[in-house]
2 protein chains.
Amino acid sequence: MNEFTSLTHLVKRIADSTVRRLSAYLRFLEDFENRGLSTISSEELAKRGGTTSAQVRKDLSFFGSFGKRGLGYSVPELAGRLREILGLGREWRVFIVGAGKIGAALAQYRGFRQRGFTILAAYDNSSDKIGKKLDGVAVRDIEHLERDIQREKPDIVVLTVPGDQAQKVVDRVVKAGVRAILSFAPTQLHAPADVAVKTVNMAMELEGLSFALTNRD
Amino acid sequence: MNEFTSLTHLVKRIADSTVRRLSAYLRFLEDFENRGLSTISSEELAKRGGTTSAQVRKDLSFFGSFGKRGLGYSVPELAGRLREILGLGREWRVFIVGAGKIGAALAQYRGFRQRGFTILAAYDNSSDKIGKKLDGVAVRDIEHLERDIQREKPDIVVLTVPGDQAQKVVDRVVKAGVRAILSFAPTQLHAPADVAVKTVNMAMELEGLSFALTNRD
DNA sequence: AGTTGTGAAGGTCTTCACAGCG
DNA sequence: CGCTGTGAAGACCTTCACAACT
């Protein structure tokens with residue numbers, strides 16, 4: 001694989017864990033960029049990311065050869081490559097469905113905008129919330145969800161509705177054409193294979209800690 | 001391995017993915033319990049959890065033999081076993097550090113109490129917030145964090161401070177004796193090996209979706 | 001000399017497939 | 001007969017170790 005390899009037909013399926021690490025590397029590189037440093041070795045990236053230098057080089061090798069032997073990686077170049085690989089060179093349009101506390105917390109989250117994720121609108125079924133604003137984001141009637149998806153073509157739907165309504169909303173937005181969902185509902189969601197679904201499940205994380213605390217040697 | 005196997009000296013290290021699935025199985029079993037169903041097969045559990053029946057049986061087999069051949073699993077019995085395995089048979093004491101929007105969303109999250117996680121207090125460094133309540137949870141001065149950890153012995157600290165303060169807080173609470181942390185900061189945290197750290201990183205999840213949307217066939 | 005890029009080895013997790021038991 | 005429990009096989013991911021290059 002060389003530097004001209006197109007990202008649009010990857011030879012190998014890329015592991016989720018690899019993508020998560022690339023995301024982490026990018027964050028460190030941006031730190032380095034801000035501090036004006038110009039090169040970095042796989043060893044330094046590894047130390048920050050809690051992994052090994054071999055892992056860093058392997059992760060990057062799936063996408064090309066970005067380093068210089070004996071020197072390391074150019075910080076701005078590698079950051080640029082990672083942004084390109086992760087698809088961060090464009091705007092991603094986001095709808096938030098569910099204007100409760102978590103929806104509100106996300107609406108004001110600066111990380112979205114910083115990375116090119118634009119929140120177009122939020123949706124709710126409560127008349128108390130419809131028509132109001134959530135940190136500058138308009139809350140609309142969930143009745144109009146399908147219509148608005150067709151009109152405004154969001155790329156990603158962030159789901160912050162109660163668990164018992166989550167699957168219903170997934171079915172609706174998938175039918176309307178959405179192909180990526182980030183859910184905060186504590187339920188297993190089912191969607192067609194061509195829809196990317198990520199779930200952040202607080203209950204599961206807490207139980208993971210409970211397990212870890214319980215099963216110590 | 002038989003039903004008397006002690007959970008306190010597991011033969012094998014249990015994979016994180018296994019623990020996450022156990023957590024999911026428990027949720028389905030509670031659903032089944034509420035509907036009054038008495039037995040369930042590995043196949044049914046698998047369908048709900050988006051996995052395979054072999055995976056379900058393998059996951060459970062690390063902890064014992066809970067099923068009846070030809071029949072399946074007793075719903076209440078298996079639910080009880082999973083609660084025991086996950087360490088949910090007791091109260092877990094939680095401090096929230098960071099009383100911003102995410103901290104507030106967590107303070108009101110019902111899932112905590114339902115599973116035996118009791119939020120004792122929240123901490124912040126802003127005088128606007130100290131002394132106020134966050135959905136019934138008192139907000140205290142972060143100055144008193146170490147003193148209060150020693151007094152009230154929380155099992156888990158939930159971290160919802162800005163990224164640039166997260167590592168500092170980790171160092172403080174670890175030094176004060178905390179052995180489990182759930183962080184919402186978008187940074188890599190470093191802690192000793194005997195401290196369980198889970199990180200929920202929104203930025204990473206979004207970038208995972210961006211990658212998935214970008215690298216389709 | 002120093003660091004990358006990568007086949008090969010090693011380790012972990014998932015799936016298979018069937019013996020064993022109810 | 002049906003479904004579990006589990007070794008063995010297979011797939012996947014990480015680590016090793018070194019040739020290749022600057």
Side-chain angles (χ1 to χ4, degrees), chain A residues 1-5 10-25 28-29 32 37-75 77-78 81-82 85 208 211, chain B residues 1-5 10-25 28-29 32 37-75 77-78 81-82 85 208 211:
Chain A
M1 232 187 199
N2 64 40
E3 68 184 292
F4 300 110
T5 304
L10 293 170
V11 172
K12 242 175 101 61
R13 209 199 133 267
I14 302 299
D16 220 70
S17 48
T18 293
V19 178
R20 299 179 73 80
R21 283 191 300 266
L22 293 177
S23 197
Y25 303 154
F28 308 142
L29 286 166
F32 267 67
L37 296 162
S38 64
T39 61
I40 189 170
S41 67
S42 56
E43 187 57 47
E44 289 170 281
L45 270 172
K47 215 181 303 164
R48 294 281 219 106
T51 182
T52 65
S53 63
Q55 181 74 77
V56 171
R57 297 196 301 276
K58 184 65 93 180
D59 286 339
L60 297 176
S61 77
F62 296 128
F63 303 95
S65 311
F66 309 134
K68 292 217 193 320
R69 289 164 202 247
L71 263 175
Y73 302 88
S74 151
V75 170
E77 194 206 316
L78 186 56
R81 293 305 194 114
L82 288 178
I85 289 163
F211 179 84
Chain B
M1 236 187 197
N2 64 40
E3 68 185 291
F4 300 108
T5 305
L10 293 170
V11 173
K12 240 175 100 64
R13 209 200 132 267
I14 302 298
D16 219 71
S17 48
T18 293
V19 178
R20 299 179 72 81
R21 283 190 300 266
L22 293 178
S23 197
Y25 304 154
F28 307 143
L29 286 166
F32 267 67
L37 296 162
S38 64
T39 61
I40 190 171
S41 66
S42 57
E43 186 57 45
E44 289 170 281
L45 270 172
K47 216 181 300 164
R48 293 283 218 106
T51 181
T52 65
S53 62
Q55 182 74 78
V56 171
R57 296 196 300 277
K58 185 64 96 181
D59 286 340
L60 297 176
S61 77
F62 296 128
F63 303 96
S65 310
F66 309 135
K68 291 215 195 322
R69 289 164 202 247
L71 262 175
Y73 302 87
S74 151
V75 169
E77 194 206 314
L78 185 56
R81 294 304 195 114
L82 288 178
I85 290 164
F211 179 84

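Just so you know, these numbers come straight off a predicted model, no measurement behind them. The figures here come from the full heavy-atom set of this structure, side chains too, leaving out hydrogens, waters and symmetry mates. Order of the sequence lines sets the chain letters (A, B, ...), proteins ahead of strands, with each chain counted from 1.
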Within less than 4.0 Å of OP1 or OP2 of [N], is there a side-chain N or O belonging to [X]?
| X | N | answer |
| --- | --- | --- |
| B:S42 | D:dT4 | yes |
| B:Y73 | D:dG2 | no |
| B:T52 | C:dT15 | yes |
| A:S53 | C:dT3 | no |
| B:T51 | C:dT14 | no |
| A:R69 | C:dG2 | no |
| B:S41 | D:dC3 | no |

Does any non-hydrogen side-chain atom of [Y] lie less than 4.5 Å from one of [X]?
| X | Y | answer |
| --- | --- | --- |
| A:L22 | A:F62 | no |
| A:F28 | A:I40 | no |
| B:T51 | B:L45 | no |
| B:V19 | B:D59 | no |
| A:F63 | A:I14 | yes |

What's the [atom1]-[atom2] distance between [X] and [N], to the nearest Å?
| X | N | atom1 | atom2 | result |
| --- | --- | --- | --- | --- |
| A:Q55 | D:dA17 | CD | P | 16 Å |
| A:L22 | D:dC13 | CG | P | 13 Å |
| B:D16 | D:dC13 | CG | P | 15 Å |
| A:D59 | C:dG5 | CG | P | 12 Å |
| A:I14 | D:dC13 | CD1 | P | 9 Å |
| B:L78 | D:dT4 | CG | C1' | 12 Å |
| B:R20 | C:dC13 | CZ | P | 14 Å |
| A:R21 | D:dT14 | CZ | C1' | 8 Å |

*Please confirm whether any donor atom in the side chain of B:K58 sits under 3.5 Å from an acceptor in the base of D:dG7, or the reverse.*
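Under the 3.5 Å cut-off, the side chain and the base do form a donor-acceptor pair.
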*Which of the following nucleotides, D:dT14, D:dG5, C:dT15, is nearest to the side chain of B:R57?*
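Shortest atom-to-atom distance from the side chain points to D:dG5.
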*Let me know, please, whether B:G67 or A:L71 comes out on the 5' side of the other along DNA chain D by nearest nucleotide.*
B:G67
